[in-house]
Amino acid sequence: QVQLVESGGGLVQPGGSLRLSCLASGITFSLNAMGWYRQAPGKQRELVAGISKSGSQDYVDSVKGRFTISRDNAKSTVYLQMNNLKPEDTAVYYCKAGLSYYSGTFYGGVYWGQGTQVTVSS
């Protein structure tokens, strides 16, 4: 049974930082590309950052320079370090796994986590 469990969300003031974690089980983590998506109220879910099996990363323009995605294969965990948070970053953040990743799209054996809420507000 595949499980992706996100943690680390919460309430933070503008300009603050959070680190999200996603612990994967039931998959061979090192053989999966990983990503973080977010969905704000009334909006479509969007890809925030993706990291391939080899570690190459890409980001949506709105978070470049502020967010960093990383992975620890030994811990079966992917992280999203979020700095200089803005109110428009408020959303539910979801972790995603897939067998391959190219140009913002995951292919094969795709799984989702249940999401973690991030609220940026003063």
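Values below: all heavy atoms of this structure, side chains included; hydrogens, waters and symmetry mates excluded. Note that the coordinates shown come from a computational prediction; the quantities given were computed from them, not determined experimentally.
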*Asks:* In a table with atom names and distances, give each donor-acceptor pair under 3.5 Å that connects a side chain of residues 97-105 to protein atoms at least two apart or in another chain.
*Replies:*
{"unit_1": "Tyr101", "atom_1": "OH", "unit_2": "Asp58", "atom_2": "OD1", "d": "2.4"}
{"unit_1": "Tyr101", "atom_1": "OH", "unit_2": "Asp58", "atom_2": "OD2", "d": "3.2"}

*Asks:* Could you tell me which non-hydrogen atom of Thr28 sits nearest to which non-hydrogen atom of Asn32, and how far apart they are?
*Replies:*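 Closest heavy-atom pair between Thr28 and Asn32: O-ND2, 3.0 Å.
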*Asks:* Kindly indicate, with the supporting measurements, whether the criterion side-chain contact (heavy atoms from CB on, under 4.5 Å) is fulfilled by Glu46 and Tyr37.
*Replies:* CA-CA 5 Å; Glu46 66 169 351; Tyr37 286 70; 5.7 Å; no
*Asks:* Do Ser52 and Ser54 meet the criterion of a side-chain donor-acceptor pair at a distance under 3.5 Å?
*Replies:* yes
*Asks:* Is the backbone N or O of Val92 less than 3.5 Å from a side-chain atom of Arg38, with the two atoms forming a donor-acceptor pair by type?
*Replies:* no
*Asks:* Would you check, one step at a time, whether the test side-chain contact (heavy atoms from CB on, under 4.5 Å) holds for Asp89 with Arg66?
*Replies:* CA-CA 11 Å; Asp89 296 317; Arg66 300 188 298 122; 2.8 Å; yes
*Asks:* So, for Gly115 and Glu6, which heavy atoms are closest and what is the spacing to 0.1 Å?
*Replies:* N-OE1, 2.9 Å
*Asks:* When Ile, Leu, Val, Met, Phe, Trp and Tyr are grouped by side-chain heavy atoms lying under 4.5 Å apart, directly or through other members, which residues fall in the same group as Leu20?
*Replies:* Val2, Leu4, Val12, Leu18, Ile27, Phe29, Met34, Trp36, Val48, Ile51, Tyr59, Val60, Val63, Phe67, Ile69, Val78, Leu80, Met82, Leu85, Tyr93, Tyr111, Val118, Val120
*Asks:* Is the shortest side-chain heavy-atom distance between Lys86 and Pro14 below 4.5 Å?
*Replies:*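 Sidechains of Pro14 and Lys86: no contact.
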*Asks:* Please tell me if the side chains of Thr90 and Glu88 come closer than 4.5 Å, counting only heavy atoms from C-beta onward.
*Replies:*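 Side chain of Thr90 against side chain of Glu88, heavy atoms only: no contact under 4.5 Å found.
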*Asks:* Check whether any side-chain heavy atom of Thr116 sits under 4.5 Å from a side-chain heavy atom of Ser7, and report yes or no.
*Replies:*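 Counting from C-beta outward, Thr116 and Ser7 never come under 4.5 Å.
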*Asks:* What disulfide (SG to SG under 2.5 Å) pairs are there with at least one residue in residues 19-57, not counting sequence neighbours?
*Replies:* Cys22-Cys95
*Asks:* Just by distance, with hydrogens left out, do Thr77 and Asp72 show a side-chain donor and acceptor under 3.5 Å apart?
*Replies:* no
*Asks:* Decide whether a cation-pi geometry holds between Arg45 and Tyr94; the criteria are a distance under 6.0 Å from NZ or CZ to the six-membered ring centre and an angle within 45° of the ring axis.
*Replies:* yes
*Asks:* Hey, what do you get for OG (Ser25) to CD (Gln3), rounding to the nearest 0.5 Å?
*Replies:*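 Going from the OG atom of Ser25 to the CD atom of Gln3 covers 4.5 Å.
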*Asks:* Counting only heavy atoms not in Gln44, do more than 12 sit closer than 6.0 Å to its CD atom?
*Replies:*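 It does not: Gln44 CD has 12 such atoms or fewer within range.
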*Asks:* Any ion pair linking Lys64 and Asp61 (charged N to carboxylate O, less than 4.0 Å)?
*Replies:*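 A salt bridge is present here (some side-chain N lies under 4.0 Å from a carboxylate O).
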*Asks:* Could you tell me the separation between the CZ atom of Arg19 and the OH atom of Tyr79, rounded to the nearest 0.5 Å?
*Replies:* 5.0 Å
*Asks:* Could you go through the side-chain contact (heavy atoms from CB on, under 4.5 Å) check for Gln81 and Ser17 one step at a time?
*Replies:* CA-CA 8 Å; Gln81 178 66 45; Ser17 298; 4.0 Å; yes
